[in-house]
Number of protein chains: 2
Amino acid sequence: MNGEKCTATGRRESRRQDRRETIVIAASRHFLDHGYSGTTMSAIAATLGGSKGTLWSYFPSKEELFTAVIDHASTAFRAQLSEILDLSGDLPTALRCFSLKLLEKVTSPDAIALNRLVTAEAGRFPEAGRIFFDRAPWQTVVLLAEFLSGVMERGQLRRDNPVEAAQTFMHLCVSRLQQQCLLGLIPEVTAGQREREVERAVPLFLRAYAPDGAGGRLSG
Amino acid sequence: MNGEKCTATGRRESRRQDRRETIVIAASRHFLDHGYSGTTMSAIAATLGGSKGTLWSYFPSKEELFTAVIDHASTAFRAQLSEILDLSGDLPTALRCFSLKLLEKVTSPDAIALNRLVTAEAGRFPEAGRIFFDRAPWQTVVLLAEFLSGVMERGQLRRDNPVEAAQTFMHLCVSRLQQQCLLGLIPEVTAGQREREVERAVPLFLRAYAPDGAGGRLSG
DNA sequence: TAATTACCGTACCATAGAGTACGATTTTCC
DNA sequence: GGAAAATCGTACTCTATGGTACGGTAATTA
């Protein structure tokens, strides 16, 4: 059919895919835990149990393995975010629910480590930043923007660019705690901190985007 | 007087201070440009022109030099921010002026590089994150919070925790473009982008913190 | 079953870079 | 002017690590 021999090349090809993913996952752990230069190919090979030759037969260089890891981790991160937006209930409840889940994901140790990793290497690996952004934050923005667009349509929020509104809301929720985590000022975020942050951000957002002429009246 | 021989130890001590600063500045360039592990002590020594022994006589290890660099760069960064808050004019103007200058600083290549550096190494150098935060962002928050506190006092803004309000305002202004820069999605920020961002953030902030019962009436 | 392909183990290479040693030279202090 | 401290230049050690080579072995395919 294609240039390949056949689509069902059998066990060989399938095993190769599995093995590749195993390698990427093991490598992810190392890169997330120790950063780019703190990760050694030898250590990854040791974790895998196999030999170094095998590792190099899958990824001919550390760079390629790294971008594969970013790709994989970003995709995995996005997958977790799919079921985040629950449209039932009223607007403040939906926003609170959404932002709480978002905060959980974003401040998790792995997410922080991924963010650090991508940010740190964005200079050397420009495509890593792009891959991460497209897969993780941007997907979430799009999701939320669609929701907000409908809400604006129904007059529950002032009409405005829904994508910008979505970004604003996300940064309003996330930036403060995320900064603290990224700088290592707090080792781990508690549920209480997250809730407090949500209770600060959601009302602010609702005020800022209240329909014109709504005055101080805000539901929730 | 103290444990030292004298306060005016003369040229020797003064030269030593100068030399130390020269080293830190040269090292800053390297660390900001190439990250922690991408920077080599030998390269710094080469830049300085002197010998490696001299470099080690000032900083006994790469780690110590690194924290000195973070300290110095953060302090320099904060110094630039001192004259940022111009209280003349009405509230929206003051906020616009402030946020525009803040954005300029924060999205400058050096600031982005510093942020990347600190974030990346915050795991290995916990104190680096702390030093940076205390010197740079926090100082700005405190400055702005004092200003906002007065504004709230005069009833121009709704009464609320001024520190949280300051942080909210700063993240509202900065987070979007800063994220783009940190991820390497845009090489350099234009004046137009900054202005657009300010025109988005300031009205949002004013709505969110409008005095109770002020309805849709906002000055500016 | 025979050929191919993947994998293992291990030893190895080349380079880089942090940190040291040391004698010669300059600068500062008294 | 002479002692003391700082600096210089250079050569060196030691370790880490990305990447290679290669012969033997297990799995897959035809």
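Just so it is clear: chains get the letters A, B, ... in the order the sequence lines come, proteins before strands, and each one is counted from 1.
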Sugar-phosphate only, base, or nothing, as touched by B:Tyr58 at under 4.0 Å among non-hydrogen atoms: sugar-phosphate
Gap between atoms CG and P, on B:Asp18 and C:dT28 respectively (whole Å): 11 Å
Electrostatic pair A:Arg96:A:Glu199 at N-O distance under 4.0 angstrom: yes
Side chain of B:Arg19 - closest among D:dC8, C:dA6, D:dT20: D:dC8
Spacing of OG belonging to B:Ser28 relative to CG belonging to B:Leu65, to within rounding of 0.5 Å: 8.0 Å
Whole-Å distance separating the CH2 atom of B:Trp56 from the P atom of D:dA6: 19 Å
Point-to-point distance, once rounded to the nearest 0.5 Å, from NZ of B:Lys101 to CZ of B:Phe98: 10.0 Å
Within residues 60-69 of chain B: residues closer than 4.0 Å to DNA chain C (heavy atoms): B:Ser61, B:Lys62
Check against ring-ring contact (aromatic ring centres under 6.0 Å, His included), A:Tyr36 and A:Phe125: CA-CA 11 Å; A:Tyr36 181 80; A:Phe125 299 94; 5.3 Å; yes
Polar contact flag, side-chain donor to acceptor under 3.5 angstrom, A:Thr54-A:Arg19: no
OP1 or OP2 of D:dA6 under 4.0 Å from side-chain N/O of B:Thr54: no
Phosphate OP1/OP2 of D:dA6 contacted by B:Arg15 side-chain N/O (<4.0 Å): no
Rounded distance (nearest 0.5 Å) linking atom CZ of B:Phe66 with atom CG of B:Leu117: 4.0 Å
Atom pair distance, as rounded to whole Å: CG in B:Leu55 and P in C:dG19: 10 Å
Salt-bridge contact A:Arg16-A:Glu13 (side-chain N to carboxylate O under 4.0 Å): no
Check: B:Thr47/B:Arg29 side-chain N/O donor and acceptor closer than 3.5 Å: no
Contacting residues from residues 34-53 of chain B, given that a heavy atom lies under 4.0 angstrom of DNA chain C: B:Thr39, B:Thr40, B:Met41, B:Ser42, B:Lys52
Side-chain H-bond candidate by donor/acceptor type, A:Ser175 with B:Ser175, under 3.5 Å: yes
Nucleotide C:dA6, atom C1' - distance to CZ of A:Arg20 in whole Å: 16 Å
